Amino acid sequence: MKWKNQLTGMKPYQPGRSIDEVKKMYGLDHIVKLASNENPFGTSPKVSEFLENQATNHAIYPDGYASSLRQALAEALGVEEQQLLFGNGSDEIIMMISRALLQPGVNTVMAIPTFPQYRHNAVIEGAEVREVQLKDGAHNMEEMTRQIDDNTAVVWLCSPNNPTGMLIGQQKLEQFVQKISEDVLIVIDEAYFEYITDPTYKNSLELVKKHSNVIVLRTFSKAYGLAGFRVGYAVAQKELIARLDPVREPFNNTVISQGAALTALHDSSFIEKCVIENESGKKQFQEYATKHNLHLYPSQGNFVLLQVKADSDTVFEGLLKKGFIIRSGNALGTPGYIRITIGTRQQNEVFLQSLTEVLTELEVLA
Ligand SMILES: *Cc1c(COP(=O)(O)O)cnc(C)c1O
């Protein structure tokens, strides 16, 4: 068959181990998954209420325009409805952007390590991928600027960056956007936006107002706790959204996921509580890192990247046997580190105890 050349040797996305898989492998009955930055507090209780009471006709296609969700979100963000694009998770928006703008002969610029879906989609579309090494865990904006040329179609910025959790400094971001030609699309992926507490951070939607080539991605998967429902969205100027929209599948969000996202959006007090819990969980990890002289990147997300001074896969396996699923830095481009989703206070406590046991056994703990 006549497959695209670039698909040769490509592997599908490797998800972290599932809870059921690990239970079976190690004969454990209690597993804590701190691997995919899901919300450890679940979602708003209002969503459960909505799900119990909802009686739609499932034979009917969903509203492809997601009108109710669109209206509520536009109002919440202070943008016009036509400035929004919904995806089956922001993953699908990354795919739409790639499909619309990337092809052989153009290039795309991104950090490394960063969220792997930018690269994955760019390779499928046959674009040249230019990766710029992070500097102390943060985007190297000077070098990224240098990598951009007349053939650059898309630049991907991930802020806070997955897997380091670091924000792009406000001033650096503004200078960068000002410098880059308006015919290069600048994607700012803010999957962890709700968790940001850095007082110097300014809402990126201000950049959308001023620049026709900026698109901001956000999602209901992380702080809103709806990863299973697959709702992400993009915000940009109307003209840009109108150009991207034909690439979208006609019914890409389900009836129930639109309702769940709308319900979650209305419960801002749930998000506020989660952010407070996340901050105090972050402190647990910071104290641990300081105590044991391990490097920890200053995260603005609901996850931390922690040095382990040992082979990450070995630490990963050790933790798995104790019932914790996390991500090995070897799989994320950060060997010698592990990425842990910040859990509930109790989960963090037990996790850090287990980590101490694993690192003590490996004789690397200070
Ligand atoms: C989790 C994550 C996403 C994907 O989110 P979905 O909306 O669930 O597809 C996108 N970008 C980053 C940086 C993420 O960490």
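All ligand and atom numbering here is 1-based and tracks the order in the structure. What you see below is based on every heavy atom in this structure, not just the backbone, and it leaves out hydrogens, waters and symmetry mates. Throughout, numbering of the chain's residues begins at 1 and tracks the sequence. Predicted model only: the values in this text are computed from it and were never measured.
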* Short side-chain to backbone donor-acceptor contact, Lys202 and Gln170, under 3.5 Å -> no

* **Phe220 contact mode with ligand 1 (heavy-atom cut-off under 4.0 Å)** => neither

* Please walk me through it: do Phe41 and Phe270 pass ring pair (Phe, Tyr, Trp, His ring centres under 6.0 Å)? -> CA-CA 9 Å; Phe41 302 98; Phe270 173 76; 7.6 Å; no

* Asked: Does Asn161 reach the main-chain N or O of Thr114 with its side chain, forming a donor-acceptor pair under 3.5 Å?
  -> no

* To do: Please confirm whether Arg230 comes within less than 3.5 Å of ligand 1 when only nitrogen or oxygen atoms on both sides are compared.
  => yes

* Structure fact -> If you scan protein heavy atoms around atom 2 (C) of ligand 1, the nearest is Lys222 NZ, 2.5 Å

* Structure fact -> Looking only at protein heavy atoms, what sits closest to atom 15 (O) of ligand 1 is Tyr192 OH, 2.6 Å

* Asked: Do NZ/NE/NH1/NH2 and the carboxylate oxygens of Glu92 and Arg248 come within less than 4.0 Å?
  -> no

* Is it true that a side-chain atom of Asn302 and a backbone atom of Asn37 form a donor plus acceptor pair closer than 3.5 Å? -> yes

* Record the part of Ser90 in heavy-atom contact with ligand 1 below 4.0 Å; permitted values are side chain, backbone, both and neither. => both

* **Heavy atom of Asp189, distance to ligand 1 below 4.0 Å** => yes

* Interfacing atoms of ligand 1 (cut-off 4.0 Å, heavy-atom, Cys158) -> 13 (C)

* For ligand 1, is any non-hydrogen atom under 4.0 Å from Gln117's backbone (N, CA, C, O), its side chain (CB onward), both, or neither? -> neither

* Asked: What do you reckon, does Asn162 have a nitrogen or oxygen under 3.5 Å from a nitrogen or oxygen of ligand 1?
  -> yes

* To do: Pick, from Thr219, Leu226, Asn302, Asn161, the option with the minimum heavy-atom distance to atom 7 (O) of ligand 1.
  => Thr219

* To do: Determine, for Phe86 and Arg70, whether the Lys NZ or Arg CZ falls below 6.0 Å from the six-membered ring centre while staying within 45 degrees of the axis.
  => no

* If every non-hydrogen atom of Gly165 is compared with every non-hydrogen atom of Pro160, which pair is closest and at what distance? -> O-CB, 3.5 Å

